[in-house]
Amino acid sequence: MRATVHVRLKKSVLDPQGQAIHHAIRTLGYESIREIRQGKYFEIELEDHISQEQARALLEQLARDVLANPVLEEYWVEIEGGSA
């Protein structure tokens, strides 16, 4: 089973890297882009015997404890073949 954990800064947190990217692409002529927020994602391969519910619980805990800083970042889990 494959899954992805997405992590990005909360909307209320200043994103200087996203702002720098936004500024750079606007100077290249992409003026219709209103905002860019940068983030990261993790591709995770799980054992086949784990259920979707177990995988979701495990990945939520992993994101909360290790992959994201819950004070500054938000995260969400996508499991291939599973509902979001």
Side-chain angles (χ1 to χ4, degrees):
M1 180 184 314
R2 295 178 56 97
T4 307
V5 177
H6 299 265
V7 179
R8 71 175 171 210
L9 291 170
K10 292 179 177 177
K11 275 287 201 185
S12 60
V13 176
L14 183 64
D15 180 7
Q17 185 175 1
Q19 289 177 337
I21 295 167
H22 182 237
H23 176 73
I25 66 168
R26 285 187 61 95
T27 61
L28 294 173
Y30 295 96
E31 296 177 2
S32 61
I33 305 295
R34 188 180 334 174
E35 181 182 18
I36 292 181
R37 306 269 309 165
Q38 61 87 31
K40 56 191 171 188
Y41 71 95
F42 302 88
E43 295 176 344
I44 299 172
E45 187 81 29
L46 295 126
E47 296 291 341
D48 290 335
H49 62 79
I50 191 168
S51 71
Q52 292 246 347
E53 293 78 22
Q54 290 171 320
R56 181 163 305 282
L58 174 67
L59 294 169
E60 295 269 346
Q61 181 177 353
L62 179 66
R64 188 175 48 251
D65 294 347
V66 179
L67 302 178
N69 176 347
V71 174
L72 301 174
E73 298 171 317
E74 58 189 5
Y75 58 86
W76 66 99
V77 173
E78 292 179 348
I79 298 173
E80 286 187 14
S83 58

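Worth saying up front: this structure is predicted, and the values here are computed from it rather than measured.
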Evaluate the side-chain proximity of His22 to Glu35: yes if any heavy-atom separation is below 4.5 Å, no if none is.
-> no
With a 4.5 Å limit on heavy-atom distance, are the side chains of Arg8 and Tyr41 in contact?
-> no
Rounded to the nearest 0.5 Å, how far apart are [atom1] of [X] and [atom2] of [Y]?
X: Glu80; Y: Gln52; atom1: CD; atom2: CD; value: 10.5 Å
X: Asp15; Y: Leu9; atom1: CG; atom2: CG; value: 5.0 Å
X: Ile44; Y: Leu67; atom1: CD1; atom2: CG; value: 5.5 Å
X: His23; Y: Leu28; atom1: NE2; atom2: CG; value: 9.5 Å
X: Leu46; Y: Arg2; atom1: CG; atom2: CZ; value: 10.0 Å
X: His6; Y: Glu73; atom1: NE2; atom2: CD; value: 14.0 Å

Indicate if [X] and [Y] have the same hydrophobic cluster label, given that clusters are the connected sets of ILVMFWY residues with side-chain heavy-atom separations under 4.5 angstrom.
X: Val13; Y: Ile36; result: no
X: Ile21; Y: Val7; result: no
X: Trp76; Y: Leu59; result: no
X: Val66; Y: Leu72; result: no

By side-chain contact (heavy atoms from CB on, under 4.5 Å) - contacts of Leu14 (at least two apart) |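 Leu14 satisfies side-chain contact (heavy atoms from CB on, under 4.5 Å) with Pro16, Gln19 once adjacent residues are dropped.
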Look at the side chain of [X] and the backbone N and O of [Y], then say whether any donor-acceptor pair between them is shorter than 3.5 Å.
X: Arg37; Y: Lys10; answer: yes
X: Arg26; Y: Glu31; answer: yes
X: Lys40; Y: Val5; answer: no

Can you name the closest pair of heavy atoms from Arg64 and Pro70 and give their distance?
->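 Looking at all heavy atoms of both residues, the closest pair is O-CG, 3.6 Å.
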